[in-house]
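Chain naming here is simple, since letters A, B, ... match the order of the sequence lines and numbering starts at 1 in each. This is a predicted model, so every value here is computed, not measured.
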Amino acid sequence: MSKFLPNKEEDYSLWYNELVKKADLAENSAVRGCMVIKPYGFSIWEKMQQTLDLMFKETGHVNAYFPLFIPKSFLSKEASHVEGFAKECAVVTHYRLKNSPDGKSVIVDPEAKLEEELIVRPTSETVIWSTYKTWIQSYRDLPLLVNQWANVVRWEMRTRLFLRTTEFLWQEGHTAHATKGQAIEETEKMLEVYATFAEEFMAMPVIKGVKTANERFAGAEETYCIEALMQDGKALQAGTSHFLGQNFAKAFDVQFTNKEGRLEHVWGTSWGVSTRLMGALIMAHSDNDGLVLPPKLAPIQVVIVPIFKNEEQLNLITQKVNTLLPLLKKSGVSVKFDDRDTQTPGFKFADYELKGVPVRIAVGPRDIEQGTAEVARRDTKEKKSYAFDDLGTIIPKLLEDIQENIYKKAIDFRNSKTIAVNTWDEFMTKIEEGGFLSAHWDGTSETEEKIKELSKATIRCIPLDSKAELGKCIYSGKESNQRVLFARAY
RNA sequence: CGGGGUGUAGCGUAGCCCGGUAUCGCGUCAGCAUGGGGUGCUGGAGGUCGUCGGUUCAAAUCCGGCCACCCCGACCA
């Protein structure tokens with residue numbers, strides 16, 4: 001058990017906060033609510049970006065970039081959109097500073113007031129749709145499939161590293177289509193991309209579903225989501241994909257001439273995932289010794305730690321290791337040989353465990369004599385000796401095993417924490433234990449809000465694969481024809 | 001934004017009630033020994049006590065404003 005991290009069973013939040021800092025992922029900054037993402041943390045985010053970007057390209061999307069600032073008037077063009085975001089917008093009112101009269105500081109120059117104030121984007125629908133108006137005239141211009149990687153700002157009351165920060169990084173896809181069907185298909189396709197990414201790369205099982213009206217994106221007709229379960233039993237929305245209907249097209253008057261020569265409003269979607277995925281990744285797998293990273297997203301997949309008393313021994317080990325490095329690199333394994341003599345092996349072991357490196361290979365004089373190496377896997381902490389010459393083939397296989405194993409562990413956990421409940425008493429008891437509760441709901445916002453008020457649990461989603469089933473609402477006792485998923489959430 | 005808490009060396013802390021410029025651990029630096037799970041010993045460096053103001057001969061300590069962070073609530077990806 002680590003002496004360097006709080007125990008996650010005792011204080012989950014403290015454990016999370018300390019882990020983020022000690023594993024060198026991120027830290028708080030001089031600006032309230034904003035974080036500094038440190039190089040190691042950013043390299044994980046970069047791997048996520050690279051993977052997702054490739055998936056977006058493979059599904060026909062192209063990247064572009066729209067401005068950080070949005071004219072204030074744009075936001076109010078779509079009624080529910082402004083209502084959803086107005087409360088958390090940073091506003092630019094001036095464009096110049098000047099020296100204060102006493103010369104000791106700078107002040108806002110009152111002469112430099114903007115005629116129209118700008119908001120810092122909380123999301124880019126408005127500025128993008130105002131642009132799409134000029135890009136789209138004909139059905140031949142559709143579909144328009146654009147993504148952007150950007151930062152956004154939402155002025156949150158309470159922030160937590162990665163999970164909710166005032167500024168965060170994300171990607172936002174914004175597409176325009178000729179028909180409703182195509183837009184819905186796009187919305188569902190991108191949800192599928194997110195689910196695949198979460199499960200195959202993050203090794204984090206997710207439930208695909210649609211949000212209730214209360215939880216829907218401001219300006220959307222339908223919000224699809226992937227929901228994951230963290231180790232403390234709380235749910236986390238990991239990605240969303242919105243069917244926007246013609247709402248933004250109407251708000252920004254984006255019309256096209258169809259094949260029959262008639263003018264129609266286009267159909268839109270938007271979809272995004274953010275640096276919040278980092279928080280999800282951390283909370284999905286890590287333990288009291290530190291991060292546990294899935295090999296597919298680990299910046300360093302394998303670390304080799306030499307154990308030596310003198311330079312002569314290190315030279316022997318280095319020679320041996322140099323025969324392995326090209327083999328691993330050829331198999332696409334990212335490997336680091338940590339031959340620093342400024343830290344002890346024990347320190348390195350603990351440090352790479354804290355950082356979540358999936359596989360560690362230790363090579364010492366005894367190994368050199370016997371032609372072996374000690375291989376330790378981060379997920380199970382299991383250590384095993386192998387013939388050194390077999391490592392080139394064993395390691396890639398081991399990385400696949402680890403990727404599978406942590407996924408399996410996560411899905412077993414989620415399954416054990418997903419239960420069906422049928423009475424209000426049962427609901428209130430089980431919600432205390434965390435996890436997803438599958439229960440009947442009468443479909444009204446009033447009931448949803450009442451349940452939230454009493455239990456602190458929200459409807460995470462109506463799962464896409466939920467079967468029609470007659471029953472009685474857990475709270476009101478009214479008729480219901482399917483179960484929905486409740487949980488306390490991040 | 002409401003309620004509670006915290007802020008002392010890079011990090012974690014003692015001291016605060018009962019005023020007299022600061023304790024310990026980790027880290028850091030030097031040397032020697034060590035090296036298969038966060039090495040040991042010896043010596044050294046490092047502090048506007050969050051910040052601004054007030055009380056006082058004297059403030060880390062008492063009082064007030066502000067800032068930041070943590071926990072709980074409301075809001076949210």
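Residue contacts shown for F168(A) include a base, since a base heavy atom lies under 4.0 Å away. Residue S13(A) is in sugar-phosphate contact alone, with no base atom involved, counting any heavy-atom pair closer than 4.0 Å across all strands shown. Here T275(A) lies out of heavy-atom contact (under 4.0 Å) with every strand. At a threshold of 4.0 angstrom between heavy atoms, the contacts of Q237(A) are confined to the sugar-phosphate backbone, with no base atom among them. Within 4.0 Å (heavy atoms only), L14(A) reaches no atom of the nucleic acid at all. Contacts of G33(A) with the nucleic acid, taken as non-hydrogen atoms under 4.0 Å apart, involve only primed sugar atoms and P, OP1 or OP2. Counting non-hydrogen atoms under 4.0 angstrom, F217(A) reaches nothing in the nucleic acid. As judged by a 4.0 angstrom heavy-atom cut-off over every strand, T240(A) is placed among residues making no nucleic acid contact.
At most 12 non-hydrogen atoms from other residues, nucleotides or ligands lie less than 6.0 angstrom from NZ of K430(A). Heavy atoms of other residues, nucleotides or ligands lying less than 6.0 angstrom from NZ of K208(A) number 12 at most. Within 6.0 Å of NZ on K234(A) lie more than 12 heavy atoms contributed by other residues, nucleotides or ligands.
Only the P atoms considered, A60(B) is 14 Å distant from C16(B), to the nearest whole Å. Only the P atoms considered, G20(B) is 14 Å distant from G15(B), to the nearest whole Å. Nucleotides C26(B) and G40(B) place their P atoms 8 Å apart, quoted to the nearest Å. Atom name P, nucleotides C1(B) and A59(B): the rounded distance is 33 Å, in whole Å. One P atom belongs to U13(B), the other to U6(B), and the distance between them is 12 Å to the nearest Å. Separating the C1' atom of A30(B) from that of G36(B) is a span of 28 Å, rounded to the nearest Å. The same atom, C1', is picked in C32(B) and in C52(B); the two are 50 Å apart, to the nearest Å. Nucleotides G7(B) and U48(B) are separated by 15 Å at their C1' atoms, to the nearest Å.
A 3.5 Å limit on both hydrogen-bonding distances identifies U6(B) as the Watson-Crick or G-U partner of A68(B). The nucleotide A60(B) finds no pairing partner, because no Watson-Crick or G-U wobble arrangement with both distances shorter than 3.5 Å includes it. Nucleotide A30(B) is matched to U42(B) when pairs are restricted to Watson-Crick or G-U wobble geometry with both distances under 3.5 angstrom. Using Watson-Crick or G-U wobble geometry with both donor-acceptor distances under 3.5 Å, C76(B) finds no partner in any strand shown.
Taking 4.5 Å as the limit, some side-chain heavy atom of E382(A) sits within range of a side-chain heavy atom of K384(A).
For T344(A), counting side-chain heavy atoms from C-beta on, the closest listed nucleotide (G36(B), U39(B), C76(B)) is U39(B). Closest to the side chain of N17(A), from the set A74(B), C70(B), G37(B), is C70(B). Proximity note for R366(A) (side chain, C-beta onward) versus C75(B), G36(B), A74(B): the nearest is G36(B).
Spacing between atom CZ of F347(A) and atom P of G40(B) amounts to 13 Å, rounded to whole angstrom units. In this structure, R360(A) places its CZ atom 7 Å from C1' of G37(B), rounding to the nearest Å. Atom CG of D351(A) and atom P of G27(B) are 13 Å apart (whole Å). The CZ-P distance, from R160(A) to C72(B), rounds to 8 Å in whole Å. Regarding K452(A), its NZ atom lies at a distance of 9 Å from the C1' atom of A74(B), rounded to whole Å. The interatomic distance linking N28(A) (CG) with U6(B) (P) rounds to 19 Å, in whole Å. The CG-P distance, from N288(A) to G37(B), rounds to 21 Å in whole Å. Here G37(B) presents its P atom at 14 Å from NZ of K348(A), a figure rounded to the nearest Å.
On a pure distance criterion of 3.5 Å, no polar donor-acceptor pair joins the side chain of K309(A) and the base of G36(B). Applying the 3.5 Å distance criterion, the base of G36(B) shares a donor-acceptor pair with the side chain of D367(A).
Between atom CD1 of residue I128(A) and atom CZ of residue F248(A) there is a gap of 10.5 Å, rounded to the nearest 0.5 Å.
Residue K456(A) places at least one side-chain N or O under 4.0 Å from the OP1 or OP2 atom of G73(B). One finds a side-chain N or O of R32(A) lying less than 4.0 angstrom from the OP1 or OP2 phosphate oxygen of A68(B).
K211(A) pairs in a side-chain hydrogen bond (donor to acceptor under 3.5 Å, both in side chains) with only one of the listed residues (H242(A), E222(A), E227(A)), which is E227(A).
RNA chain B is contacted by both R340(A) and E18(A); E18(A) maps to the nucleotide lying nearer its 5′ end (nearest heavy atom per residue). Toward the 5′ end of RNA chain B lies the nearest nucleotide of G364(A), the other residue of the pair G364(A) and L163(A) mapping further downstream.
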Original post:
Where do W271(A) and H61(A) land on the ring-ring contact (aromatic ring centres under 6.0 Å, His included) test, with the steps shown first?
Top reply: CA-CA 12 Å; W271(A) 28 273; H61(A) 302 86; 4.8 Å; yes
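In this structure, F66(A) has its ring center no closer than 6.0 Å to that of H174(A).
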